[in-house]
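First up is the structure itself, then whatever we jot down about it.
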Amino acid sequence: MNQDNKKYMENNISYDLNEHCLISPLDSESPLFEPKIRLGVLASGNGSNFEYIIKSIQNNQLNAEISILIVNNPHCLAIKKAIKYNIPYVIINHRDCQSRLEHDMLVLKKLEDLSVELIVMAGWMRIAGEELINRYINRLINIHPSLLPSFKGIDAIQQAIDERVTITGCTVHYVQKEVDSGSIIIQAAVPIQENDNKDTLTKRIQQMEHIILPLAIAKVAMNIRTGFRGNK
Ligand code: GRF
């Protein structure tokens, strides 16, 4: 295990890190900034990344508050996590909308009404529309379970297994129009072991996601606070 990863384990409560994992940039540390950043989290699934964002805030690693969790799927488990941690949430079901644009505009309105500064797509199974992207330039990020630019799109973990690569991982990146293709903020490399199946590999990749997503949020928040505009 490299030194950087060990450090994350010391700072956090219970990260059970993979052996041989690697986070890059290597100097990834959670930067300190003031005042706290107002986050909007978008999720469609289990919400494990959402939960680790909450834990990072509770551990004082991330100076943030989650203004809202938005889900598009009324049955997703992320809702249970919002209730557990007392985070406001709203269901904006795309099936109730006539078009992608209508859904995007409802999401955008909610975020803007709450003065959300940074949007985190944490397992959001929707393609971000141009309105959202343009309104939140440099303030809209996504986590993807591969080492981008490899294995974009759905089922990235299975794609990596099928291609028999020996290293895959996860990436936090800015969102732009082309899916999974904005500037990269942080990546973590995860080796694929001989006896891995999709479940075991998913678990190890997610352990790394839970570390790099809060770090990436802090980095982007720092950029927002300092007015840095260096990304696509
Ligand atoms: C993560 O693997 C993320 O990379 C992908 O969707 C998954 C969400 O997991 N975009 P969870 O809902 O945070 O547990």
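Counting convention: from 1, in listed order, for ligands and their atoms alike.
- Contacts between M121 and ligand 1 below 4.0 angstrom, taking non-hydrogen atoms only, are absent altogether.
- You'll find the side chain of Q159 stays beyond 4.5 Å of the side chain of E163, heavy atoms only.
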Exercise for review: Please assess R38 against E65 for the test salt bridge (charged side-chain N to carboxylate O under 4.0 Å, His left out), listing each intermediate value before the final yes or no.
Suggested key: CA-CA 5 Å; R38 288 187 302 283; E65 67 180 31; 5.3 Å; no
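- The distance from ligand 1 to the heavy atoms of N46 drops below 4.0 Å at these ligand atoms: 12 (O), 14 (O).
- M121 and V90 fall within the same hydrophobic cluster, defined by Ile, Leu, Val, Met, Phe, Trp and Tyr side-chain heavy atoms under 4.5 Å apart, directly or through other members.
- Proximity to E209 (heavy-atom distance under 4.0 Å) selects the following atoms of ligand 1: 1 (C), 2 (O), 3 (C), 4 (O).
- The shortest contact between atom 8 (C) of ligand 1 and any protein heavy atom is with G123 CA, 3.6 Å.
- Between G45 and ligand 1, not a single N/O pair is under 3.5 Å apart.
- Across the listed options V41, N49, I143, I143 owns the non-hydrogen atom lying nearest to atom 5 (C) of ligand 1.
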**Study point:** Worked check of salt bridge (charged side-chain N to carboxylate O under 4.0 Å, His left out) between R225 and E34
**Key:** CA-CA 7 Å; R225 287 288 173 263; E34 292 283 352; over 6 Å; no
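- Aromatic ring orientation, W124 versus H103: parallel (interplanar angle below 30°, classes split at 30° and 60°).
- For atom 9 (O) of ligand 1, the nearest non-hydrogen atom from the set E51, H144, Q206 belongs to Q206.
- S24 and Q187 share no side-chain donor-acceptor pair at under 3.5 Å.
- Atom 12 (O) of ligand 1 has as its closest protein heavy atom G47 N, 2.8 Å.
- Residue contact check: S48 has heavy atoms under 4.0 Å from atoms 11 (P), 12 (O), 13 (O), 14 (O) of ligand 1.
- The residue from L147, V190, I192 that alone fulfils the side chain to side chain contact (heavy atoms under 4.5 Å, CB included) condition with I167 is L147.
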